[in-house]
J.: 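The structure's right below; bear with me while I get my questions together.
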Amino acid sequence: MSKIRVLPDHVSNQIAAGEVVERPASVAKELVENSIDAGATRISIEIEGGGRRLLKVSDDGEGMVRDDAVLAFERHATSKIRNTNDLNSIATLGFRGEALASIASVARVELTTQTTDATAGTRVTKDGGKMRDVKDAAHPRGTTLAIRDLFFNVPARRKFLRSEATETFHLTNLVTHYALAHPEIAFTFTNNGREVLHATAANDLRERAYQVFGQDFLDNLLEVDGGDAQVARVTGYISAPRDRRTSRDSQYLFVNRRFVRDRLIGRALSEGYRSVLPHGVYPAALLFIEIPLEEVDVNVHPAKTEVRFRRAAAVADAVRESVRDALASAGFVHEEREPDTGRHREGETGGRVGGEMGGRGDAVGASAAAVGAADFTARPPSQTEVSYSPTTIDSENIRGEFNLRPDYQPPSQSKIDFASLMTSVGEALEEETRREEEDGENGGRGEAEKDPVSLSPSPPVSHSPSQPVPPSPRPPVSSSLPPLNSAEKFAREVTPESLSSNIRPLGQLEESFIIATDDEGLLLIDQHVAHERVLFDKYRALEGERRSESQQLLVPETFDLTPAQAAVFDQLAPELENYGFELMRLSGRTVAIKATPADLPASEARNMLAELLDTVDSEKKNTARETLRDEIAASLACHAAIKVNMPLAPEKMRWLIDRLLQTSSPTTCPHGRPVILRLKTRDILKGFHRI
Ligand code: ADP
Ligand code: MG
């Protein structure tokens, strides 16, 4: 007897639903995309019970005539493409014609729609894929889809849904994405009867971001505008290096206005921040990548959140360089220098700090000139944190008609508000992102059930000088680290453009911080990170010129690699040799260090290697060369730099400051930490009640 059968429609729809409908947010995604494709100018999303009990999307788009309203639920029924040629240049968000069929097979669905021409509207009701009713119904032009009891007939999938708060977070994140991608469309979002987002049609992304996140957020973003139309145009906003996130939740990436979760772009974005942001922390970003339609394949995944680029490397380059340019024009990094006149060559070692009072380069002048799009000096630093925290959208920030309603109430356990969701709930997505990045390594591990509402908000993190960012799967949380602005009340991070050459060292605090003055006030310079920056630039320059200096060890140091370290050793070894290491793989996993870079104390070499081999784990094999080199240089610099708790003679301090001013980024260390804090004379005067 034959054993192969063609599955009935309702079974194949449910199977397809497994791919398209993962959770309420994926249903919302399909519905919102349909509304956008229908030319809506207003979309409202209403949810109850985390989208499980009710998920309703209404639009004022073109609507459907009765026949279409019925047909829309058929599998592969679409109005958006006609033939395979159309697949090569898809301009609509939908095209597979399977979303409504899939959704209807796993929920109770009510579609109400009306076109401009029709005399009456239509209502179609379906339960678990079965047609219940088709009748006339009143509806203004447009379409409303109400989805109730998601997965009511698929208990196995219902089990995978998370808490109401987590599902609500995903929905909120999704609405935010689409609201940002389509400023011209008005969006409202209502959760359990309370309106949490109300954004009227905006003129551009800037205005929309303002509606969604508030003014502070915008003030502190750097504008990105790069790439080229043939390969990829990259526009949008990114955060300054001092703003850090422990997850990618604050990254909103779009390809041709389609919301994507793309690792290639995420990684390119991070690489743009090389040497100014440490591993394991992420910038915030709203990036729009416009690529010629035929250069990108969106038909890779049923949920269409993955795309494939024909020229992936070129797209990654465009993103990385556009980000880099934005950072450079704001003075956070300098364009890569030409290998130069040996300025970097002179005695810049921890052991040999001293004596030399070398002339200043022009770096400071350049950085002063490079005041970027973001005007950092004009505002007190308490506002300079880019933040999605609840304070960004508090009642004071309500301007005009957008945003939270006047009846806005502070976050409470029972209600979920938009703003706090954006920060406090990172958990679920964070977990997912991490799992994605771990490349299925921990694939079997279930997503921990969390009740995000009860989690404390996670503000940007900073890292104390003695703690390099651990490459742990769980990034440090705010409670264990001081918030970045903790010192701000008194001494503030110095911006590159406010730096002058007129810095005079006075002495040391705790044998760790150089006390100095400049024209604006009192400076505190972290001697370790300052030297780290100096050495980092030096290593990068020497490596570029392939003339690293090494010191031979009298007795080679041997050490054993862990299996994970061994896996990356071969990839890393040639790069390390460019920096002056001489390494030899002995039997098995034993390695001998025969020579080390000139500045690196032999005792540090081993630690440094182990640390580096652990950070650059095998999963990052595809890390761009430049990024890898930056990592090596940063690690070298850290281990070779003057430590804290070390007395410095006045001329050593002088030397260090002069060197620092010549570096590419005197105010940020290669790990993204601040190098100099300033207490302004004005604030001192105020403190003494003299003004
Ligand atoms: P796709 O979007 O891939 O075409 P869907 O299953 O999502 O497939 O939708 C099927 C069809 O139903 C669409 O092609 C469109 O013609 C119609 N449709 C769905 N939602 C709407 C809407 N909100 N307004 C107008 N038409 C819609
Ligand atoms: Mg669709």
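Nothing here was measured: the structure is a model prediction, and the numbers come from that model. Read the numbers this way: they start at 1 and go in the same order the structure lists the ligands and their atoms.
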J.: Considering non-hydrogen atoms only, spot the tightest contact between R148 and A107 and give its length.
T.: O-CB, 3.6 Å

J.: So which bit of T143 gets within less than 4.0 Å of ligand 1, heavy atoms only: side chain, backbone, both or neither?
T.: side chain

J.: Is it true that atom CZ of R42 has more than 12 heavy atoms of other residues, nucleotides or ligands lying nearer than 6.0 Å?
T.: no

J.: Can you tell me how far apart OG1 (T190) and CD (E195) are? Round to the nearest 0.5 Å.
T.: 5.0 Å

J.: Taking the six-membered ring for Trp, are F259 and Y178 parallel (under 30°), tilted (30 to 60°) or perpendicular (over 60°)?
T.: perpendicular

J.: Looking only at distances, please establish whether an N/O atom of ligand 1 is found under 3.5 Å from an N/O atom of G97.
T.: yes

J.: Backbone, side chain, both or neither: what part of A99 comes under 4.0 angstrom of ligand 1, heavy atoms only?
T.: both

J.: Is there at least one pair of N or O atoms, one from D59 and one from ligand 1, spaced under 3.5 Å apart?
T.: yes

J.: Does ligand 1 have a heavy atom under 4.0 Å from the side chain of E33, from its backbone, from both, or from neither?
T.: neither

J.: Judging by distance only, is a nitrogen or oxygen of T78 under 3.5 angstrom from one on ligand 1?
T.: yes

J.: Below 4.0 angstrom from a heavy atom of A72, which ligand 1 atoms are there? Numbered from 1 as shown, please.
T.: 10 (C), 12 (O)

J.: Determine yes or no for a side-chain-to-main-chain donor-acceptor pair under 3.5 angstrom, with R141 supplying the side chain and G63 the backbone.
T.: no

J.: Atom 6 (O) of ligand 1: which of N34, T113, L111, L100 has the nearest heavy atom?
T.: L100

J.: Please indicate whether F160 has more than 12 foreign heavy atoms, meaning atoms of other residues, nucleotides or ligands, lying under 6.0 Å from its CZ.
T.: no

